[in-house]
Amino acid sequence: MIMKTMTKKNKMYLAGEWVHREKTLPVNDPQDNRLIATVPAASAADMIYAIEQAKEGFRICSEMPVHERIAVLHRAADWINEKREAYAITIASEGSKTIKEARKEVRRCVETLRISAEEARRLNGETISFDQMPGSENRLGYYYRFPIGIIGAITPFNDPLNLVAHKVGPAIAAGNAIIVKPATVTPLSALMLADAFDHAGLPAKILSVITGNAGEIGDVLVTHPDVRMISFTGGLATGKAIMQKAGLKKMSMELGSNSPVIVLNDANFDDAVESCVSGAFWAAGQNCLGVQRIYVQDGVYDAFVSGFVERTKKYKTGAKQSEQTDMGPMISEKEAKRVEQWVREAVERGASLLCGGNRNGAFYEPTVMTNVPEDCRIVKEEVFGPVVSIFKVTGLEEAIEKSNRVDYGLQAGIFSRDIDKVFRAVRKLDVGGVMVNDSSDYRIDAMPFGGVKGSGIGREGVKFALLEMTEPKVVCFRLTP
């Protein structure tokens with residue numbers, strides 16, 4: 001039912017108005033490439049119009065009392081929660097997630113908006129002791145944070161609802177206007193988020209969700225001087241290109257990862273296996289936090305590999321809407337073929353394929369490899385697919401050194417009961433987050449989220465996105481003697 005509704009509407013949200021365009025783009029289910037909807041293919045003129053309208057939208061939002069922004073965010077969250085199954089069906093239709101994974105994303109989206117509402121009331125400044133400097137004894141003052149202006153948000157396919165909410169929620173909470181360019185292959189979830197804010201009474205011009213080809217509208221959004229910040233989640237190459245084009249504006253970039261997990265001899269063995277299997281194959285491995293490399297100490301290596309493969313073989317791959325399915329297809333057959341090629345390259349160079357390795361259209365089996373040469377692409381680059389490489393190490397120092405070899409540094413995991421070793425890993429792992437006795441893919445929406453090196457700049461997580469989307473203004477009073 002929801003797909004029929006979306007197909008009939010096939011509109012985008014342009015400065016508070018739902019509009020058609022003669023030129024459209026197809027939205028296909030990656031499971032069978034079936035057409036499920038069309039959306040407008042916006043023009044450069046549409047994007048320019050959205051930016052012009054967002055100038056007024058910024059004024060409106062920045063002048064809204066905080067309690068009104070809070071109320072809008074809560075009403076949008078309520079709307080999504082009431083229709084959560086329809087949102088989940090949409091996520092599981094246009095993207096790669098199973099219905100069970102999609103339901104979790106909807107719950108997280110509701111939480112993200114509610115946290116945004118709560119953090120709006122906590123956007124505080126501080127008093128400043130100006131009399132700390134000789135000659136300033138008759139001065140006092142403070143700073144407060146003010147919204148930055150128009151924010152351009154470019155979002156990926158793998159979390160097509162919640163990662164949009166992670167940009168829209170904080171932007172509105174802070175008093176900004178925001179223009180979203182969702183992933184071309186998964187625009188429906190972002191449009192449904194806009195629908196929630198429309199029903200929540202968000203004033204027009206504050207939010208736009210513009211669908212279309214990146215080449216047609218992306219550069220306009222990125223380079224326009226009135227857009228004061230770009231918040232981008234996606235690939236490293238695209239992130240670099242955006243930074244080169246954007247000019248003088250704030251940037252928040254989450255650019256993916258190649259996440260390592262370390263398993264030491266004293267780890268809770270069964271828990272490590274279960275956590276790492278889930279962390280590796282959630283959303284068909286198309287998760288920037290997904291477990292890609294596992295470094296296992298030699299004392300438990302053989303048993304870990306055996307247990308990991310046994311658990312992986314129980315993973316059920318199939319129809320996304322089935323309650324019994326653990327893993328669906330990748331986002332496209334093209335991406336599945338890329339992963340297939342990377343695995344083949346590794347095997348040809350001596351890697352051992354322990355399970356998986358087969359492709360059927362966009363489906364690629366959960367795959368486990370050992371003895372992978374460390375200069376293979378599947379070790380050095382972000383695979384963004386359901387493939388795990390397991391390596392034997394003699395101890396913690398070797399595991400840390402090898403974990404840090406790649407150009408990414410988003411999150412890592414370590415399994416150990418030795419608190420000294422855990423803290424050594426926390427200090428030395430070159431990443432933005434270390435999950436202890438958990439896989440690298442653990443995240444809650446309130447924590448600071450982001451990485452180092454090729455994994456990006458800045459932090460998301462609602463409170464921290466709010467800080468990125470505001471600036472401090474200092475106020476100083478010189479008192480009359």
Are any non-hydrogen side-chain atoms of [X] and [Y] less than 4.5 angstrom apart?
{"X": "V393", "Y": "V296", "result": "no"}
{"X": "K320", "Y": "T325", "result": "no"}
{"X": "I414", "Y": "V261", "result": "no"}
{"X": "I242", "Y": "T238", "result": "yes"}
{"X": "Q321", "Y": "T98", "result": "no"}
{"X": "F391", "Y": "T370", "result": "no"}
{"X": "S93", "Y": "I36", "result": "yes"}
{"X": "Y364", "Y": "V343", "result": "yes"}

Face-on cation placement of [X] at [Y] ring, 6.0 Å and 45° thresholds:
{"X": "K473", "Y": "F146", "result": "yes"}
{"X": "R443", "Y": "F449", "result": "yes"}
{"X": "K337", "Y": "W342", "result": "no"}

Donor on one side chain, acceptor on other, [X] and [Y], under 3.5 Å:
{"X": "K167", "Y": "S231", "answer": "yes"}
{"X": "Q411", "Y": "S259", "answer": "no"}
{"X": "N371", "Y": "S352", "answer": "yes"}
{"X": "S416", "Y": "D266", "answer": "yes"}

Atom pair [atom1] ([X]) and [atom2] ([Y]), whose distance is rounded to the nearest 0.5 Å:
{"X": "E323", "Y": "K316", "atom1": "CD", "atom2": "NZ", "value": "12.0 Å"}
{"X": "I331", "Y": "E94", "atom1": "CD1", "atom2": "CD", "value": "8.0 Å"}
{"X": "I179", "Y": "I230", "atom1": "CD1", "atom2": "CD1", "value": "9.0 Å"}
{"X": "C288", "Y": "E382", "atom1": "SG", "atom2": "CD", "value": "7.5 Å"}
{"X": "L221", "Y": "F232", "atom1": "CG", "atom2": "CZ", "value": "11.5 Å"}
{"X": "K421", "Y": "I262", "atom1": "NZ", "atom2": "CD1", "value": "11.5 Å"}

Side-chain donor or acceptor of [X] paired with backbone N/O of [Y] under 3.5 Å:
{"X": "S278", "Y": "E274", "result": "no"}
{"X": "Q292", "Y": "E381", "result": "yes"}
{"X": "N213", "Y": "G215", "result": "no"}
{"X": "S455", "Y": "G256", "result": "yes"}
{"X": "S332", "Y": "E335", "result": "yes"}
{"X": "R293", "Y": "S403", "result": "yes"}
{"X": "S322", "Y": "Q324", "result": "yes"}
{"X": "N404", "Y": "L429", "result": "no"}

Any salt bridge between [X] and [Y], counting N to O under 4.0 Å?
{"X": "R359", "Y": "E340", "result": "yes"}
{"X": "D159", "Y": "R108", "result": "no"}
{"X": "E397", "Y": "R424", "result": "yes"}

Could you walk me through whether K314 and D326 pass salt bridge (Lys or Arg N to Asp or Glu O under 4.0 Å), step by step? CA-CA 9 Å; K314 294 178 181 177; D326 295 313; over 6 Å; no

Check this for me: [X], atom [atom1], are more than 12 non-hydrogen atoms of other residues, nucleotides or ligands nearer than 6.0 Å?
{"X": "K249", "atom1": "NZ", "value": "yes"}
{"X": "K380", "atom1": "NZ", "value": "no"}
{"X": "K104", "atom1": "NZ", "value": "no"}
{"X": "D407", "atom1": "CG", "value": "no"}

Minimum heavy-atom separation for [X] and [Y], please, with both atom names.
{"X": "M251", "Y": "I457", "value": "CB-CD1, 3.8 Å"}
{"X": "F157", "Y": "A183", "value": "N-CB, 3.6 Å"}
{"X": "A194", "Y": "V209", "value": "CB-CG2, 3.7 Å"}
{"X": "P30", "Y": "M330", "value": "CB-O, 3.5 Å"}
{"X": "N176", "Y": "F58", "value": "CA-CD1, 4.1 Å"}
{"X": "L410", "Y": "G450", "value": "CD1-C, 3.4 Å"}

Report the relative orientation of the aromatic rings in F308 and F281; use parallel for angles under 30°, tilted for 30 to 60°, perpendicular for over 60°.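 Taking F281 first and then F308, their aromatic rings sit tilted (interplane angle of 30° to 60°).
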
Kindly determine whether R459 and E468 satisfy salt bridge (Lys or Arg N to Asp or Glu O under 4.0 Å), including the steps that lead there. CA-CA 8 Å; R459 292 294 183 270; E468 299 278 354; over 6 Å; no

Check against salt bridge (Lys or Arg N to Asp or Glu O under 4.0 Å), R114 and E111: CA-CA 5 Å; R114 296 209 191 286; E111 182 73 4; 5.9 Å; no

Using the side chain to side chain contact (heavy atoms under 4.5 Å, CB included) rule, take I150 and R228 through it: C-alpha gap first, then chi angles, then the decisive distance, then the call. CA-CA 6 Å; I150 302 173; R228 298 306 307 139; 5.6 Å; no

Stepwise, does the salt bridge (Lys or Arg N to Asp or Glu O under 4.0 Å) test hold for R121 with E118? CA-CA 6 Å; R121 70 174 84 246; E118 290 303 308; 3.5 Å; yes

Before you tell me yes or no, could you show the steps for D445 and N162 under side-chain hydrogen bond (donor to acceptor under 3.5 Å, both in side chains), namely the whole-Å CA-CA distance, both residues' side-chain angles and the distance that decides it to 0.1 Å? CA-CA 9 Å; D445 296 294; N162 191 41; 3.1 Å; yes

side-chain hydrogen bond (donor to acceptor under 3.5 Å, both in side chains) evaluation trace for E365 with N358: CA-CA 6 Å; E365 291 179 339; N358 297 309; 3.0 Å; yes

Does E105 have any salt bridge (Lys or Arg N to Asp or Glu O under 4.0 Å) partners at least two apart in sequence or in another chain, and if so, which? K97

